[in-house]
Number of protein chains: 2
Amino acid sequence: MTQEQQYSIGELSRLFDITARSIRFYEEQELLVPERQGQSRIYHLKDKVRLKLILRGKRLGFSLAEIKTLFDLYDTNLNSAPQLETMLAITEQKRAVLNQQLNDIQMLMIELDDVEARCKDELTELQRGNNL
Amino acid sequence: MTQEQQYSIGELSRLFDITARSIRFYEEQELLVPERQGQSRIYHLKDKVRLKLILRGKRLGFSLAEIKTLFDLYDTNLNSAPQLETMLAITEQKRAVLNQQLNDIQMLMIELDDVEARCKDELTELQRGNNL
DNA sequence: ACTCAGCTTTACGTTAACGTAAAGCTTAAG
DNA sequence: CTTAAGCTTTACGTTAACGTAAAGCTGAGT
């Protein structure tokens, strides 16, 4: 028997280094639907995975609303052609955004390289000056 | 003589598809310091470049405050060793963030691939059903 | 002289994503 | 029994990044 892992809200918040308030907020926004035992929330593996996805999405600049629509689409029984087409359209759009970000990151990296190189040059210059 | 390109605020806003309000706001936050001719703002190439950088930073989830500190550092005469060290530390930190984002993007791309594949499978399934 | 487009400042409004405080339940430890 | 830790709900506060009027200046065209 594989015992399924369970988490309290405090455990989850420590795991992901966020506040319990945030987790409750995500639930309020219907991004999480934890089980209840008495008054307390109980999170299972799937909730943990969801939370991970939420945070990843946030790091990429997605709003909670956007993340929710993706979740909803993912959860939906995609049984009609129009729904599937919609889903494909959205994933394509997200893909475009991600590609744009990839581009942006590459550009920024190059600029960081440049800044770094200049800094190091200046540092060695200063060193030389001190040694004379 | 290379005539330097000039832009009004309206031209810039159309160029980058943002509102003039945003551009003025960036100035208010000291991210831009356009020249003035009478009451009107005039933007040169360097301002345009700055704006491009601002928007790129935003797409990567940087706050205007963060972007400003980067600009400030870039503009500063980095003439003391401590300043240079600070700059290097910051660029390293930004680099870490960007690497994290790269990772996130790759993960998300893979999941998008998965979702897409499933959608297309379902679509062909529906097609088959219709053709019988 | 008048209008109109485009610019200006000033100022209040708005939204997202929480922070923070207050007040109360609940369960294990002393 | 009573702390204490950890959970709960309710509710008001906060910050960033603008949106959206309102009211006025200004140069080109008719």
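Not measured: the values here are computed from a predicted model. Protein chains get the first letters and strands the later ones, always in sequence-line order, with residue 1 at the start of each.
- Between the side chain of B:Glu122 and the backbone N or O of B:Cys119, no donor-acceptor pair lies under 3.5 Å.
- Protein atom OH of A:Tyr43 is 13 Å distant from nucleotide atom C1' of D:dG6, rounded to whole Å.
- A donor and an acceptor atom, one from each side chain of A:Glu35 and A:His44, are located under 3.5 Å apart.
- The existence of a salt bridge linking B:Arg41 and B:Glu11 is excluded, since no basic side-chain nitrogen approaches an acidic carboxylate oxygen closer than 4.0 Å.
- Remark: the B:Tyr74 side chain and the A:Arg118 side chain contain an N/O donor-acceptor pair separated by less than 3.5 Å.
- Both B:Ile67 and B:Ile23 are assigned to one and the same hydrophobic cluster, defined by single-linkage of ILVMFWY side chains at heavy-atom distances under 4.5 Å.
- Remark: the backbone N or O of B:Gln37 is not paired with any side-chain donor or acceptor of B:Ser40 at under 3.5 angstrom.
- A salt bridge is absent between A:Asp47 and A:Lys52; no separation between the charged side-chain nitrogens and carboxylate oxygens falls under 4.0 Å.
- Along DNA chain C, the nucleotide nearest A:Gln29 and the nucleotide nearest B:Ala20 are compared for position; the residue whose nucleotide lies closer to the 5' end is B:Ala20.
- The side chain of B:Ser8 places no N or O atom within less than 4.0 Å of a non-bridging phosphate oxygen (OP1 or OP2) of C:dG6.
- Listed by residue number, the members of residues 46-71 of chain A with any heavy atom below 4.0 angstrom from DNA chain C are A:Lys58, A:Ser63, A:Leu64.
- Whole-Å rounding puts the A:Leu12 CG to D:dC7 P distance at 10 Å.
- Summary of helix geometry: the two end axes of the helix from C:dA1-D:dT30 to C:dG30-D:dC1, each defined by five base pairs via their C1' atoms, are inclined to each other by 10° (rounded to 10°).
- Going from atom CD of B:Gln37 over to atom C1' of C:dC7 covers 13 Å, rounded to whole Å.
- A donor-acceptor pair under 3.5 Å links the side-chain atoms of B:Gln101 to the main chain of B:Leu60, judged by distance alone.
- Regarding contacts with the backbone of C:dC18, a side-chain N or O of A:Tyr26 is found under 4.0 angstrom from either OP1 or OP2.
- Atom-to-atom, CD of B:Gln6 to P of C:dC7 comes out at 14 Å; the value is rounded to the nearest Å.
- Between A:Tyr43 and the choices A:Arg50, A:Gln5, A:Glu27, the side-chain contact (heavy atoms from CB on, under 4.5 Å) rule is met once, by A:Glu27.
- A straight line from CD1 of B:Ile42 to P of D:dT26 spans 15 Å, rounded to a whole angstrom.
- Checking B:Tyr7 against B:Lys48 by side-chain atom types alone, a donor-acceptor pair falls below 3.5 Å.
- Look at CD1 on B:Ile9: it is 17 Å from P on D:dT26, rounded to the nearest Å.
- Distances shorter than 4.0 Å separate some side-chain N or O of A:Thr19 from OP1 or OP2 on C:dG19.
- With A:Tyr26 as the aromatic partner, A:Lys68 does not meet the cation-pi criteria of under 6.0 angstrom to the ring centre and within 45 degrees of the ring axis.
- Under the 4.5 Å side-chain contact rule for hydrophobic residues, B:Leu73 and A:Ile110 do not share a cluster.
- OP1 or OP2 of C:dA17 has not a single side-chain nitrogen or oxygen of A:Ser22 nearer than 4.0 Å.
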* B/S/- contact track for nucleotides 9-14 of chain C, protein heavy atom under 4.0 Å -> B-B---
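- The separation between B:Glu27 atom CD and C:dC7 atom P is 14 Å, rounded to whole Å.
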